[in-house]
> 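Once you've had a glance at the structure underneath, I'll fire off some questions.
First the proteins, then the strands, lettered A, B, ... as listed; each starts at 1.
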Amino acid sequence: MGADFVQFSLTPLLIGVLAAIACALPGNFLILRRQALIGDAISHVVLPGIVVAFIITGTISAIPMLIGAAGAAVVAVILIEAVKRLGRIEPGAAMGVVFTSMFAGGVLILEQTDTSKVHIDVEHALMGNLESLIWFRAEGWHSLLDPAALATLPHELPRIAIVCAIVVVLTLVFWRWLKIATFDEGFAQVLGIPVSALGFGLVVTAAVAAVAAFDAVGSIIVIAMFICPPAAARLMTNSLEHQIWWSVAFATLSAILGYVFAGYGPLWLGATNAVSAAGMIATASGIILGLACLFGPHRMRIGVGKEPLG
Amino acid sequence: MAAQDGRVTYPAVASVSDAPLTVRGVTVSYGEKPAVFSVDASFPAKAMSAIIGPNGAGKSTLLKASLGVIPRLSGEVHVFGQPIEQARDRIAYVPQRASVDWDFPTTVVDVVQMGLYRKIGLLRRLSGQMKAWALECLDRVGMADFADRQIGQLSGGQQQRVFLARALAQDADLYLLDEPFAGVDAATERAIIDVLELLKAGGKALVSVHHDLSTVREYFDHVFLINVRRIAEGPVETAFTTENLQATYGGRLAATHLDELSLARGV
Ligand SMILES: Nc1ncnc2c1ncn2[C@@H]1O[C@H](COP(=O)(O)OP(=O)(O)OP(=O)(O)O)[C@@H](O)[C@H]1O
Ligand SMILES: [Mg+2]
C-alpha cells in the first residue's frame, strides 16, 4: 500500500466512509421514528431541485446544484409534514404522496424547458462515481502534508467531511433531546423540549447529509446507509448509545469492504472488470444486516409491537 | 372515616392562584365535539386529588391540556400561580400506559434517568450522585432488580412502576398521574400508594385519574368529577356523593353499587 493506494483508493475510501457515517447517524433516529423511508423520499425530490437550480443559474456546476437539491429536500420535508397534519394521514403515505409528485414535477419541468444541454445521467445519480474521485497529484503518503497536492483533492472530500462533522456535532449536542423525544414524545413535550422543531431539524439534517452524499456516492448508498447499518446495530444491543457506535462501525465496514470487493473481488473471481463500488458498498451493508438478523444477540426482541394492557 | 386520620382540610387554600394546579375555562376538542368543555378546577397543595369520570369523560385530555401536550381551544392553566412554561421543573407526569416505543433500545434505569433531564440539561454528564438517585427511585417502586432490562421486556404493571420511578426522579412538587393503578396487582397497588403517600407527606401535591370508586375514600383527600364538563369538586367528604356520581356517570351506576361504596349521602 503506497503511492498507488493514496492516489487511487484513499480519497474514494474516505469519501465512502464519511458519506456512510453521515447518513447512518441520523438513520438511527429515523429508523426508531419509523421514518427510514425519508432517505428514499429525498433521493426522488432532488431531481426537481437540480432542474430548478439549472434553470435559474444556467450552469451545471456543483454548488448551485447542491443548493437546489438541499432546497428541494427541505421543501419536501415541509410538504410531508403539512400533508401529514392537514390530511391526517400516516407518515409513510404522506412521504409517498410528496416524493412521487415532486419527482413527477421534476420530470415535467425537465421536459418543458430547454434542458437538453444538461445531461442528467441516471446511472450517475444511482451509483455516483466513487471510483473516479481519485487524487491525481498524490505521490504517496507524504502528499498529505503537501499543500499543493492537498489543493487538488477532489472537492467531494472536504464537502462530505464538513457535512459529516456537522452531523456528528448535532448528534452529540442534541443527543438527549433526540433520545427522549424519540422514545417518548409526550414526556419530551412535558419537559419543554421543542419536539416539532427537533423532528424537523432531524429530517433536514438527514436531507443535507443525503444530498451531500448523493453528489459523491449516488443514491443507492444513501438509501442503504440510512437503513442497513442502524437496523443491524439495533440487533446488536439494547442501548441507544451502543447502537450508535455499532451503526458507525457497520457503516465504516460496509464502505471499506464494499470498496475493496468492488475493486478486487471480481479479479479474485477471475473476471477482468471491477464492479461499481457504490453497488458493492450497498450490498455489503445489506449482507451485514442479514448477518445481524441471523446472529445479532438482540434479534429476538420480546417487546416487539406489544400493546400495553388497559 | 373523615378528617380524623390526619387528612388536610380545605378550602382554606391561601390563594387559589398559588394552588399547585388551577384550570380556568379549559376547552379541548379533537374534532367537532369538545372532549373537555369549559372546565374550571383547582387542585390543593399537600394533598392527593382524584379525577373521576367514565371512559371518554376527558380525564386524560384535561391532564394533557393542562401540561400543554395537546393544544386547548380556550382557557388558562396555572401551576403554582405561574404559566406552565415557567413551572416545568416543578411538574412530573405519568401518562396512562405511556405511549412510548416499547421496542426502543433503552433499559429500565435509562428510562428513569430521563427524568433527570431538566436538572442536567443538554450537555452535562450524569454525575454518580444522580445515577444513585435514579437507582433509589427505582428501588422505591420495587423495580431495582430490573434496572438493566430492556423496557419492553417487562409486564404492564412493571412498566407502570418504571414510569412512576421516572416521575419520582424528577423530584417535582406537583405529580400528575393518569391511572397509576390500572392493571396492577393488589400488592403493587399497595406499593404505589405507599410511594404516593410518602410524597404527600413530603409536602407534594398529587393529582391522579382514578377509576376504582371503592378506594377513593381510602386514598384521596380531594375529588374532581368530570364528564366533559365539570360535575363537582371538593373534599372527598363533601363532593364524593351519590348525587354527584350519578350526575357524572349519567345514572349508569346501579344504586346497589353505590351503596357498596358506603358513600356519604349529601353530607
Ligand atoms: N387523540 C385523539 N383523537 C381524537 N379523539 C380523541 C383523542 N384522544 C381522546 N379522544 C376522545 O376524547 C374524549 C376524551 O378522551 P380521554 O382520553 O380524555 O378520556 P378519559 O376520560 O381519559 O377516558 P379513559 O377513562 O378511558 O382513560 C373521548 O371521547 C375520546 O374518544
Ligand atoms: Mg384516560
> Who wins among Leu191(A), Thr182(A), Leu172(A), Leu240(A) for the most heavy-atom pairs under 4.5 Å with chain B?
Leu191(A)
> Which pair of non-hydrogen atoms, one from Pro105(B) and one from Gln243(A), has the smallest distance, and what is that distance?
CG-OE1, 3.1 Å
> What part of Val94(B) gets closer than 4.5 Å to chain A, counting heavy atoms only: side chain, backbone, both or neither?
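Contact with chain A: none, neither part.
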> Heavy-atom distances under 4.5 Å only: say whether Ile120(B) touches chain A with side chain, backbone, both or neither.
both
> Should Leu123(B) and Arg176(A) be marked as a side-chain contact (heavy atoms from CB on, under 4.5 Å) after you check the CA-CA gap, both sets of side-chain angles, and the distance that decides it?
CA-CA 8 Å; Leu123(B) 293 174; Arg176(A) 245 171 224 147; 5.9 Å; no
> At a heavy-atom distance under 4.5 Å, which candidate from Val173(A), Val195(A), Thr237(A) has the highest pair count against chain B?
Val173(A)
> Is there a side-chain contact between Val69(B) and Glu185(A) (heavy atoms, below 4.5 Å)?
no
> Would you call Pro95(B) and Val190(A) a side-chain contact if the rule is heavy atoms closer than 4.5 Å?
no
> Counting heavy-atom pairs closer than 4.5 Å to chain A, which one of Leu67(B), Asp148(B), Val111(B), Leu122(B) comes out on top?
Leu122(B)
> Go through the atoms of Ile193(A) and report whether side chain, backbone, both or neither lie under 4.5 Å from a heavy atom of chain B.
side chain
> Is it the side chain or the backbone of Gln170(B) that comes within 4.5 Å of chain A heavy atoms, both, or neither?
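Gln170(B) touches chain A through side-chain heavy atoms alone.
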> Got a second to check how far Lys179(A)'s NZ is from Asp110(B)'s CG, nearest 0.5 Å?
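With rounding to 0.5 Å, NZ (Lys179(A)) is 3.0 Å from CG (Asp110(B)).
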> Regarding Asp101(B) and Arg33(A), does a basic nitrogen lie under 4.0 Å from an acidic carboxylate oxygen?
no
> Could you walk me through whether Ile70(B) and Gln189(A) pass the side-chain contact (heavy atoms from CB on, under 4.5 Å) check?
CA-CA 9 Å; Ile70(B) 47 175; Gln189(A) 271 176 295; over 6 Å; no
> Determine the interplanar angle of the Phe104(B) and Phe183(A) rings, folded into 0 to 90°, and report it as parallel if under 30°, tilted if 30 to 60°, perpendicular if over 60°.
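If you compare the ring of Phe104(B) with that of Phe183(A), the planes turn out tilted.
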> Considering non-hydrogen atoms only, spot the tightest contact between Asp103(B) and Arg234(A) and give its length.
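Shortest heavy-atom contact: O-NH2, 2.7 Å.
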> Phe187(A) and Val100(B): side-chain contact (heavy atoms from CB on, under 4.5 Å), yes or no, with the steps?
CA-CA 9 Å; Phe187(A) 181 65; Val100(B) 304; over 6 Å; no
> For Gln150(B) and Asn238(A), indicate whether the former's side chain and the latter's backbone hold a donor-acceptor pair under 3.5 Å.
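Checked: no pair found.
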